[in-house]
Amino acid sequence: MFKIAVLISGGGTNLQSIIDKVKSGYLNCKIEIVISDSEKAYGIERAKENNIYAIALSKKQYGDKLSDEVLKIVEEKGVDLIVTAGFLSILKGDLLKKFKNRIINIHPSLIPSFCGKGMYGLNVHKAAISYGVKASGCTVHFLDEGTDTGPIIIQKTVPVFAEDTAELLQKRVLEKEHEALPEAIRLIAENKVEVQERKVFIENN
Ligand code: GRF
C-alpha cells in the first residue's frame, strides 16, 4: 500500500480532504503518520479521530534539526510520499535530497504569483485582491530548496471579484485545494507523474 505522511501546522482542512478521499476509496493510500510542528494544531485531533498516528515535533525542541527528525521518522515508517499541507516550517537538508520529487506542497495562489517569503495564510489572498487580479487559485508542486519554487503538478483557478475580502477568497480557493491535493496524490500513487527539470508530465488515463 502506498504510504503517505502529512505535515501540518494548523487547522488541517487539507488533511481532512485526504482522510475523506482515503475513506471514500478515491485514494488507494494509507496515511501512515501526521506530523505537526505545533502541539496546538487542530489537525492532530482530526488525525486522532480517524485513528491515524499523529505526533507534534515542537519547533522549540527541534529547531534546526526538525527536517532531520522528520527524515528519521518517514524512513522508519517506510513513507513513499510526504505531503505538506499548511506546514509552516521550512524543510531542508538531507530530507530534500533523499525525498527529491517525493515531497509535495499546496500553496493557495497560482504560482509564481503571490508566493515566496511571507506569503502564507491570508497574506496571499490580501495580496491577490489588492493587486486586482481577476483569477487566483491553488498550486500543488514538488518541494525543492526554494520557497514555492518546485515543479508544478496541478493548478486550479477561481474568479476574484473586486468586492472580495481575503476571507471570502480564501474560502473559494480552499474548496479547490481540497480537490487538487488528493488529485495530485492519486496521480503520484498511480505512478502517472514524471518530472523533467521544471516540467511535470502527467500520463493520461
Ligand atoms: C492552505 O491554504 C494551504 O494552501 C496553505 O495553508 C493553508 C492550510 O489550511 N499552505 P489547512 O490547515 O489545510 O486548513
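Whatever order the structure lists them in is the order used to number ligands and atoms, beginning at 1. This structure is a prediction, so every number in the text was calculated from the model and none was measured.
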(Q) Considering non-hydrogen atoms of the protein only, which is the closest contact for atom 9 (O) of ligand 1, and what is the distance? (A) Asn14 ND2, 3.8 Å
Q) Is a side-chain N or O of Lys98 found less than 3.5 angstrom from the main chain of Leu71, in a donor-acceptor match? A) no
Q: Could you find the nearest protein heavy atom to atom 7 (C) of ligand 1 and give me its residue, atom name and distance?
A: Gly86 CA, 4.2 Å
Q) Identify the closest protein heavy atom to atom 2 (O) of ligand 1: which residue and atom is it, and at what distance? A) Glu177 OE2, 3.0 Å
**Q.** The one among Gly10, Ser9, Gly12, Gly43 that brings a heavy atom closest to atom 12 (O) of ligand 1
**A.** Gly12
**Q.** Non-hydrogen side-chain atoms of Ile82 and Leu95 separated by less than 4.5 Å
**A.** yes
Q) Of the choices Leu15, Thr13, Val6, Thr139, which has the non-hydrogen atom that lies closest to atom 14 (O) of ligand 1? A) Thr13
Q: Determine, using heavy atoms of Ile106 and all atoms of ligand 1, whether some pair is separated by less than 4.0 Å.
A: yes
**Q.** Member of Glu183, Glu177, Glu175 meeting the side chain to side chain donor-acceptor pair (under 3.5 Å) criterion with Lys156
**A.** Glu183
Q. Is the NZ atom of Lys59 crowded by more than 12 outside heavy atoms at less than 6.0 Å?
A. yes
Q) So with a 6.0 Å cut-off around OH of Tyr26, is the heavy-atom count from everything else above 12? A) yes
